[in-house]
Every structure is written in structure tokens, then in C-alpha cells.
Amino acid sequence: MRKAEFFVPSEAMVEFADAMASRKLDNTVTGTTTEGEIVVEVNYERDETDEVDKLEDVLEKIREQLDEEKDEEEDEEKEK
């Protein structure tokens, strides 16, 4: 059995959990980081590697969206 750890921003946990559940991967929430991210451990077999890779892609897209939203909010604040 293999293991992957994901550090998920709390505001993205619902979307990440949905993506994880749709892949039926064995997972456990193991804690939080000092930055407030949720640590999720995923246990998987070799034949599930592609699904874990896709989950990594999902998390990266979520992070990019959050960064874009943060940048937009900062720009709006500067305009005020």
C-alpha cells in the first residue's frame, strides 16, 4: 500500500472531499498545519496511482482559483 499526503486549504476542503469521494480512495484527515491547512492522508494501491495523480491536479486547480480570487480581492481593495 502506498500513501500520499495532501495539504488542503480549509476553504477548499468541501470541493477536495467531493473529488476524493468520487474516486473512492481510502483517506484519513490526520490534522492541520500551522497555516490552517487540513492534512489528508490517502492510502492507495499501485493501480490507483492515476486517480491520486488526478486528485493532485484537482488540488492544484483549487489552489490556483483561490490565489486568483485573493488577487482579485486585493485589487478591489486597492481601488477603494
Side-chain angles (χ1 to χ4, degrees):
M1 177 133 325
R2 297 168 178 222
K3 177 176 77 171
E5 270 191 336
F6 294 91
F7 300 92
V8 184
S10 59
E11 61 269 24
M13 190 60 196
V14 171
E15 187 176 351
F16 182 78
D18 287 343
M20 193 169 37
S22 71
R23 290 169 173 75
K24 298 183 172 102
L25 294 168
D26 179 37
N27 63 83
T28 306
V29 173
T30 59
T32 59
T33 66
T34 56
E35 292 83 28
E37 295 176 314
I38 300 166
V39 181
V40 179
E41 187 176 287
V42 176
N43 295 305
Y44 63 100
E45 299 294 338
R46 173 175 257 156
D47 64 342
E48 296 174 309
T49 300
D50 287 343
E51 293 302 320
V52 173
D53 290 343
K54 290 176 186 174
L55 193 57
E56 289 175 347
D57 292 341
V58 166
L59 182 57
E60 182 60 32
K61 287 179 185 173
I62 291 170
R63 286 183 177 279
E64 288 173 3
Q65 288 172 347
L66 290 173
D67 286 344
E68 287 174 11
E69 290 172 8
K70 184 179 176 184
D71 289 345
E72 288 174 7
E73 288 174 6
E74 289 174 355
D75 289 345
E76 289 175 7
E77 285 296 316
K78 288 179 184 176
E79 291 176 1
K80 289 184 179 180

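With sequence neighbours left out, the side chain to side chain contact (heavy atoms under 4.5 Å, CB included) criterion links Thr49 to Arg2, Tyr44, Asp53. Qualifying side chain to side chain contact (heavy atoms under 4.5 Å, CB included) partners for Lys3, counting only residues two or more places apart in sequence or in other chains: Glu41, Asn43. Applying the side chain to side chain contact (heavy atoms under 4.5 Å, CB included) criterion to Ala19, with sequence neighbours excluded, gives Arg23, Leu55, Val58.
By the rule that hydrophobic residues join a cluster once side-chain heavy atoms approach within less than 4.5 Å of another member, Val29 and Ile62 end up as members of one cluster. Hydrophobic clustering, with ILVMFWY side chains joined whenever heavy atoms are under 4.5 angstrom apart, keeps Phe7 apart from Val42.
Residue pairs meeting the ring pair (Phe, Tyr, Trp, His ring centres under 6.0 Å) criterion with at least one partner in residues 8-39, sequence neighbours excluded, are Phe6-Phe16. Counting only residues at least two apart or on different chains, no salt bridge (Lys or Arg N to Asp or Glu O under 4.0 Å) pair has a member in residues 5-20.
In this structure, Thr33 contributes its side chain and Glu35 its backbone to a donor-acceptor pair below 3.5 Å.
A distance of 5.0 Å separates CE of Met13 from CD1 of Ile38, quoted to the nearest 0.5 Å. Note that the CD atom of Glu60 and the CD atom of Gln65 stand 11.0 Å from one another [nearest 0.5 Å]. Here NZ of Lys70 is found 13.5 Å from CD of Glu68. Values are rounded to the nearest 0.5 Å.
The pair Lys61-Glu64 fails the salt-bridge criterion, with no side-chain N (NZ, NE, NH1 or NH2) lying under 4.0 Å from an Asp/Glu carboxylate O.
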Audit row: Arg63, Leu66, side-chain contact (heavy atoms from CB on, under 4.5 Å) steps and yes/no:
CA-CA 5 Å; Arg63 286 183 177 279; Leu66 290 173; 5.5 Å; no

Apply the test salt bridge (Lys or Arg N to Asp or Glu O under 4.0 Å) to residues Glu51 and Lys54: give CA-CA distance (whole Å), side-chain angles for both, the deciding distance (0.1 Å), then the verdict.
CA-CA 5 Å; Glu51 293 302 320; Lys54 290 176 186 174; 3.8 Å; yes

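Clustering of Ile, Leu, Val, Met, Phe, Trp and Tyr side chains at separations under 4.5 Å leaves Val14 isolated, with no partner residue.
Considering all non-hydrogen atoms of both residues, Gly36 and Ser10 come closest at O-CB, 3.9 Å. Residue Leu25 comes nearest to Asn27 through the heavy atom pair O-ND2, 2.9 Å, listed as atom of the first residue, atom of the second, then distance.
A 4.5 Å side-chain heavy-atom check between Pro9 and Leu59 finds at least one atom pair inside the cut-off.
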